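The structure appears below as structure tokens.
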Amino acid sequence: MGASQSAGTEHEFQDLADRTGFSLEQIGNINKRFRQLTNNEETLSREDLASIPALDNNPIRAQIINAFFDKRNLHQNETGTVQEIGFEEFLLVMTHFRPAAMGLTEEERENLRREKLRFLFNMHDTDSDGTITLEEYRWVVEELLSKAGIIGQETAKAIADAAMLEVAGTTRGKMEPDEFYEGITFENFLQILKTFDIETRMHVRFLNMDTATLRCGKSK
Amino acid sequence: MSVRVALHSRSFLERGLLLLVILIFLEGTVLTLGAASSPDISAQDNTGGHDHLDDHRGIAGSHVHPNYTKKAFPVLSLDYHHIQVPFEISLWVLLASLMKLGFHLIPQLSSIVPESCLLIVVGLLVGGLIKLAGEEVPPVLDSNLFFLCLLPPIILDAGYFLPIRPFMENIGTILMFAVVGTLWNAFFVGGLLYAVCQIEGTYLSQVELLPCLLFGSIISAVDPVAVLAVFEEIHINELLHILVFGESLLNDAVTVVLYHLFEEYSGAGEVTPMDVVLGVICFLIVSLGGIAVGAIYGILAAFTSRFTSHTRVIEPLFVFVYSYMAYLSAEMFHLSGIMALIACGAVMRPYVEANISHKSHTTVKYFLKMWSSVSETLIFIFLGVATVAGPHAWNWTFVSVTVILCLVSRVIGVVGLTFIINKFRIVKLTTKDQFIVAYGGLRGAIAFSLGYLLDKNLFPMRTMFLTAIITEIFFTVFVQGMTIKPLVDLLAVKKKQEAKRSINEEIHTQFLDHLLTGIEDICGHYGHHHWKDKLNRFNKKYIKKCLIAGERYKEPQLIAFYHKMEFKQAIELVESGGGVKLPSAVPSQVSMQNIQPKKLPPPVAERALPQFTKGREEEIRKILRSNLQKTRQRLRSYNRHTLVADPFEDGWNDFILKKQRLIELEKKVRLMSNYLTVPGATPDSPTMCRARLASDPNAFYNIKASSDGVPTIQVDLASPQSPDSVNMLNEFSKRGATGQGLGQREGADRDEDQGLMMKPAGKGEKGEEEGGNKNPGLMRCLSDPGPSNEDEEDEPFLP
């Protein structure tokens, strides 16, 4: 895995490039950033990410950081989290944010959508049980509104409830009063975000990432 | 059956056509009459005409004679000159509106031919009629009138309702098309025209290069009015719409600069490189200056709207006046007025909307739509009239070359630019998109007005230019305008999605924004999202504090969206007459119980399902019912100081008011009984109550008749036609004010409930017994109610 040698060899990069679809240059840039974040060590820990000052203003920073250490995002079939990740895992998480290439077939496009939506789903589904329950959804909304000042708990709950009702309504249709809707499954999630154009919206422009513009995010 | 239907529709069609013809003749005749008696036409006939008319009527004239002889007092006299100008203006506006009305009565016609074409034809007809009558056609499309009166409403309407997000996302593409595309068009058309003119045998050799380039710059600009008129009817997807429309708005700066540049130097006859550099600087100043002027006025308007909470009635006026002044100020400095107007509208909108009342918002919306609609109609009609009127100099070569070149240059320009742009875009523009963008480049009245402005002495070929411009306009509007709709269908271009914004999408839009910003921060890459995020935070921290009144500025976007959605749901609820058809945004099949985890034992204190006591439930239902009835019967207020009451909005405001009172009452009730399980809401957040109510409409309507003594009510809200509206509010508050316990209220309920359904007369009586009614008008529901209660005005748009 990536922790074996110093990740500076061309060969390794080429290998990674083939597997993840990034270009060599992009991988080089990401690697530089990785080294900046980890202080030239081999592995990245949560504290490294947490110390980026720009992230402080982000309301969902905890979830973003968790996403990097979530095993489900690292193409492993287990659940749970790891404590540290190497460069390869870092890169793997980044692949979720590549833009959609031109000339994809319908199937490839669909796969790309599923991949990105899966990432989002994993971020919401904190207990890894495959569904987003009402409590988890409420937590999502609360976090989103957390940086906005004093927001009543009630409002966040109301919004989450309304959203949940909507999902249940569109996916399950009419329900008897004693039926219970456990939570949003991945299929439901796909359904409600069908019109969302995620393959074009969820991307970061890795195009013009050169070292000159890389900021050292750490405060000394 | 079908025969009858066919006959019926045919006769309807005939009727419609007949109506149209009559209307046109009517207007034409009156205008001719007006023209005939206008002083500048028949000046010498003035007194003669007067006398003639007077004699005809047998009434003595009112001329003062040197030796005064007594005449009979003129009981009735005709004085057209007195009111001539406003009368004719009103007549034109009336004609425009009646035409618009007429077209929509004939659905077949309006589906084939776009409105703009029909209006031009009407203009041609009216102009023809006037000419037939032998009078001189008034120069209606006067440039001053056009640029100062007719154009601003349309642009303001476009700017105020500009969808900012897609606009900003595509701003690079739009600017490329607007600036580079227009430049390319201007030079290509101008240059090649000059080349053609130099060819022997066309008798055009006296047309020099600079006038040709000037002509090219006039004709190459895509016109926002025409684009709006046509694109509105074809419902194309948002991306293409914003591309073409944005281009038409932003190319104004280029057009202004080129126009002035070439016009200035046509006299001199040559343009030096220095002039070109100056031109570029001028372009920057014109565009950035225009935007700056607009932004300043926009901020002023936003700031002013912060203090209007006590004078709600004039709020819309600020929006209009500030915007118009922005336009005029920009025009004063020869900056781009259009860009100023767009900037003003776009800048002021988020802040103004947070500050003004709901009614004012509706007013702004409707006035803008109304004015822009009338303006647009007038512009097209005037184009028709001006075609009939204007001196024409037809030159086959010039005109046909112009038309062909415009098309060719547009296509080449779009294709070439897209090739470059696609390298930088994430969502690439396909060939279909390119075709629509190229085909949608319509020319319109702005080109004509600019041509009209040319000085006759400097440009002897002005009439030829005008003819060519008109031909080009006709070609694009008629041919391209009519065929674009079938082409869109043929090419299966993506249409506008009528998707309702769901709250899930909103949540995820926000989530994604933050996620991408976070990822960018982790990558250390200061990209798109990072700057957007920074701007938002800056906005929230400093700007909103200054410009938004009260505590509203803290409200994050998600909550604002949620409020809006609730609001809409509630309006739908009220509109649909109650509970018969629940709003579709929140599916009625699923209620809170379905998603609440069953395993949680519902603790008394914090059950999420709002559980009202029977008494309270009935009160709420009563209030709802009474409120709904009120919305059906509330009439307009004739007081000048109040706006015309829109029943549904008033109903909503009443609704909020009632709920607020309900909450206060609830507090009192809670003091008395400790088994009320509704979680307390703070008094200044009617949101809470609304949130509960809106997210669970079933709370009211799933009455589980479990307890005793209280009659269960058939909530039969399907009878909103109950004639009497009872002022339940007063009964309720009267009782509440005297601090009744639950029992008494229930007792009264029993009477009330029965009474409402079955004894309307009795109800009415009871209501009238109430002495000091707040809304006496509601009692005499079918007569003039008098001035209405004005508390509701104070609710801001986003409560």
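Predicted, not measured: the structure shown is a model, and the values here were computed from it.
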Test side-chain hydrogen bond (donor to acceptor under 3.5 Å, both in side chains) applied to B:Thr173 - qualifying residues, sequence neighbours left out: B:Arg425
For A:Asn66, side-chain hydrogen bond (donor to acceptor under 3.5 Å, both in side chains) partners two or more places apart: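 Scan of A:Asn66 (side-chain hydrogen bond (donor to acceptor under 3.5 Å, both in side chains), adjacent residues dropped) gives A:Arg46.
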Heavy-atom proximity to chain B below 4.5 Å, by part of A:Phe34: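 For A:Phe34, there is no contact with chain B at all, as no heavy atom is under 4.5 Å.
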Engaged part of A:Val140 at the chain B interface, taking heavy atoms whose separation is under 4.5 Å: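 Just the side chain, heavy atoms under 4.5 Å.
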Nearest heavy atoms of B:His514 and A:Ile64, plus distance in Å: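 It is O-CD1, 3.9 Å.
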Minimum heavy-atom distance between B:Leu515 and A:Leu120, given as atom pair plus value: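 Looking at all heavy atoms of both residues, the shortest contact is CD2-CD2, 3.8 Å.
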CZ-CE distance between B:Phe511 and A:Met123, expressed to the nearest 0.5 angstrom: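 Going from CZ on B:Phe511 over to CE on A:Met123, the span is 4.0 Å.
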Atom pair CG (B:Leu512) and NZ (A:Lys116), whose distance is rounded to the nearest 0.5 Å: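 Going from CG on B:Leu512 over to NZ on A:Lys116, the span is 9.5 Å.
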